[in-house]
Structure formats: structure tokens, C-alpha cells
Amino acid sequence: MKIAVFGAGYVGLVTGACFADLGHDVVVRDIVEQRIDALRRGEVPIHEEGLVELIDRNRERLSFTTEVAEAVEGAEVVYVAVGTPPTYSGDADLSAVWTVVDELPVSDDRIVLAMKSTVPVGTGRTVRLRLDDRGLANVGYVSNPEFTAEGTAVRDFMHPDRIVIGAFEDGDGDVVERLHEGIDAPVIRADVASAEMIKLAANAALVTRISFINEIANVCEATGADVLKVAEGIGLDRRIGPSFLRAGIGFGGSCFPKDSLALKQLAANSGYNFQLLNAVIEVNELQKRRVVGKLERKLGPLRGKKIALLGLAFKPGTDDMREAPSLVLAGRLHAEGAEVSAWDPVADGSVMLDGVRIADSALEALDGADAAVLVTEWPELRDLDWSAAGSRMRNRLLVDGRNMLDPDELRALGFEYEGIGRA
Ligand code: UDX
């Protein structure tokens, strides 16, 4: 089939490349000319495992353009994969979505507009009305949310737990279902509003688990239990399961914080106070800040103290620092008057971190430090020569914000080790 994908970001590029790999002809369209030029030259502007190879392998079925007409020409399905960032009020900013809807050329061909971007429940209905207003009754609408995590997006797309398709007309849903032939996964057919809600509810369930285990960790700290053992023990209960029970310094990234806030606001706008989700968000905010309290308990006031942040990306395997706990931590430490140094193997901290000394290596970041905070669980930090690290520091205090290292090994090297929720 011939497909157009609007938006050449993480989601659009992965969607386009994966559909090309399934044998479809795909045109990816973006408004940023430099991005499209780079893609045409074979340069992939984002860091995503396996994406470069996938795009290379499917060159003849994958093209890039800035022109709407060129993208839509002959397309049976038009995917929307544009950004929906939060506005000041916490609602999703749908202006890029509306631009796509308004740019669709008038024609008599039957096409399906498929929504990949995460949007509030009710968006499909509003898009439907707008299409009808424009005289585009020939354009069907389908909600087909993505469940891909950064770093594993290609694998998540090709081997999903499920494919969700919400349509107003069964025939439009059938078209989108056919596109996925070759992917072995259960297909959930739903109405549009339910498909939209599945995406928001899935993310809300995952962040609830993270904030839950983080609160258990905080109670473990107060009572002498070890959250790693606790997570193992509850995770073996089949009704609970083991995933997303890693306690740490909170979730970040481009999806979880934005989507949980969007669902909270969606509920509030509809007259419902989503108390549980409010608490989940609040717990996450506090979790990022608790590290500062831990440092103060050991070091006293932080004014003039040197603190090294190891890892800046919101998780390993990506250069993405959007809503990363490192940003809040750096800001809080700064406000306390600490001198902050930082290192990350991929993320460029100099863009988003003002007043932080960015080091070329983890060891350099640790030079003269009074404490180190392990912020992102990069494998490079597991493999670090911690004995050498200790000798670079003025004081061997380590807060392991991801419970990645072995406390006994670190203590044997003379470190004072603090994890999250560890006995
Ligand atoms: C997430 C969802 O997994 C994906 O389905 C959705 O489409 C977009 O949001 P992503 O943001 O790439 O994907 O990252 P993910 O690997 O899910 O991790 C998100 C955050 O949660 C990270 O900051 C991570 O450190 C944190 N996390 C995750 C925990 O703190 N504990 C856990 O047990 C799991």
C-alpha cells in the first residue's frame, strides 16, 4: 500500500521505516527542510537503535519530502505523527495536528487519516467534524496509537504486545489492520474514543507502577527493608508481574510526564478530579528532589559543595533529556549553592544545563567531588573503575539513583553508598 507519514520525529520515522520494511511505499513529510535534506542524504537525525539500518535497507520504498501534495499523492493512508507538546495549561497542543487536517487536499479518493500522535480522548470526534466541514467525507479517521519506547522503538513496532485500531467505519479500520500484515500480535478493534483512551490509560498505569514502587522504596528506607527484594517478591505474583517495578529517582522522557499531565487535565476539563494520577505525578516530582535531602543529611548545607551528576539522559540508550530527572536535580543543587559537574556518554548537557560544568569523562566529572549521584543507568557506569573514581573524589559519597551498583563492592572500596529504598 502507499502511505504518507506526517512528521519525521522519533515516532514518524520509526513508523515510516517499519511500514516500508513491511513492504509498503512510504513518503515521510516534515516541515523542517534541513531535516528532510539530511534524511535524503541518508543521515538519520535521531539516535534510535536499528533505525539507520532499517532506513538504509528500505531506501527504494521510503522517500522524504516537505511537500504535502507529493506526500499525499496516491496515498491510501495518511499517518499523523506530529508533536503534541503540553501547553502552559498542561493540555496537549494540537496545533500541528490541525495543520495536517487543514492541509489535506480535497479529492474524491477514499483515504484514511490515521492518528499516531498521542491526543486527548475526543480528538478523533473533533477531527471528524472538521473533515466534514471541509467537505472531506471521503477521508476516514482511525486512531492507531503507538506503544514504542525510545531505544527499543523499532523492536516495539515490529513485535508489539497488541495493535490498537479505533475507527468510526469498520472499512477504515480494516485498511489499517491490513497495513500491519506481517506483524504477529493481537489486534484490538475499538471505537475511536476507547482507542484514544487505551493509549493514555496504558501510560497512566505504567507511571502509577513507577510511583508506587518509589513510594514503597521510601517506606523501605524508613523501615529497614530492601526494595529490590520487595520488587522481586511482589513481581513473582502473576497478578502483579515483574516489569516497571524499578525504584529510582523518578520517570522522565517525552511521553510519561506529558501524557500523565494531559490525562489529568483531560479528566479535570471533563469535571473529574483524577486523584490517583495527581498523586502519581506529585510523587514523581518529590522523588527527583529527595536526592538533595540525602546529600544534605550526609554533607550538611550544600553551599560550595561539589556534586557530580553521572548520566543526564532520562534513561540509557538515548540522547533525550526531555523532562529528565537530571534537569530538576541540577536546578535544585544549584539553588542550594552547590557546584555541579556532569557527564553523559551521549546526551549533550550544555544545551539545557546552565552553570553546570560538563565533563568529557565520568572520572573528570568526579574530580574533587564531595558526592556523586548516579542519575542514568548507563552500562558505562556499571563498568566504571570505581576504585579510580573514588581516588578522584574529595569525599567518597555515592547516591545510586537507579540501584545499579553493588553496595557491598562500593563499600569495600571505601564508598559511603546510598541507593533508593535499600536497607
Ligand atoms: C514510554 C512507554 O514505555 C511507551 O510505551 C510510550 O509510548 C512512551 O513512553 P519511553 O519514554 O521511551 O517510553 O521510556 P521507558 O523506557 O518506558 O521509561 C520511561 C521512564 O520511566 C524512564 O525515565 C525510566 O527511567 C523510568 N522507569 C521505567 C522507572 O523509573 N522505573 C521502571 O521500573 C521503569
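Read the numbers this way: they start at 1 and go in the same order the structure lists the ligands and their atoms.
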Identify whether the distance between the nearest side-chain nitrogen and carboxylate oxygen of E418 and K298 falls below 4.0 Å.
yes
Validation row: I3, Y79 side chains within 4.5 angstrom (heavy atoms)
yes
Report yes if the side chains of I163 and I188 come closer than 4.5 Å at any heavy-atom pair, otherwise no.
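The answer is no, as the side chains (C-beta and beyond) never meet within the 4.5 Å cut-off.
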Pair K2-E76, salt bridge (Lys or Arg N to Asp or Glu O under 4.0 Å): steps then yes or no
CA-CA 6 Å; K2 186 164 183 291; E76 288 160 87; over 6 Å; no
Summary of salt bridge (charged side-chain N to carboxylate O under 4.0 Å, His left out) pairs that have at least one residue in residues 262-282, sequence neighbours excluded
none
Around ligand 1, what residues show up once you keep those with a heavy atom under 4.0 Å from it?
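Residues E146, F147, T148, A149, E150, K199, N203, I210, F244, L245, R246, F251, G252, C255, F256, F314, K315, R402 each place a heavy atom under 4.0 Å from ligand 1, listed by chain and number.
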Would R29 pass as a cation-pi partner of F64, given that its NZ or CZ must be under 6.0 Å from the six-membered ring centre and within 45 degrees of the axis?
no
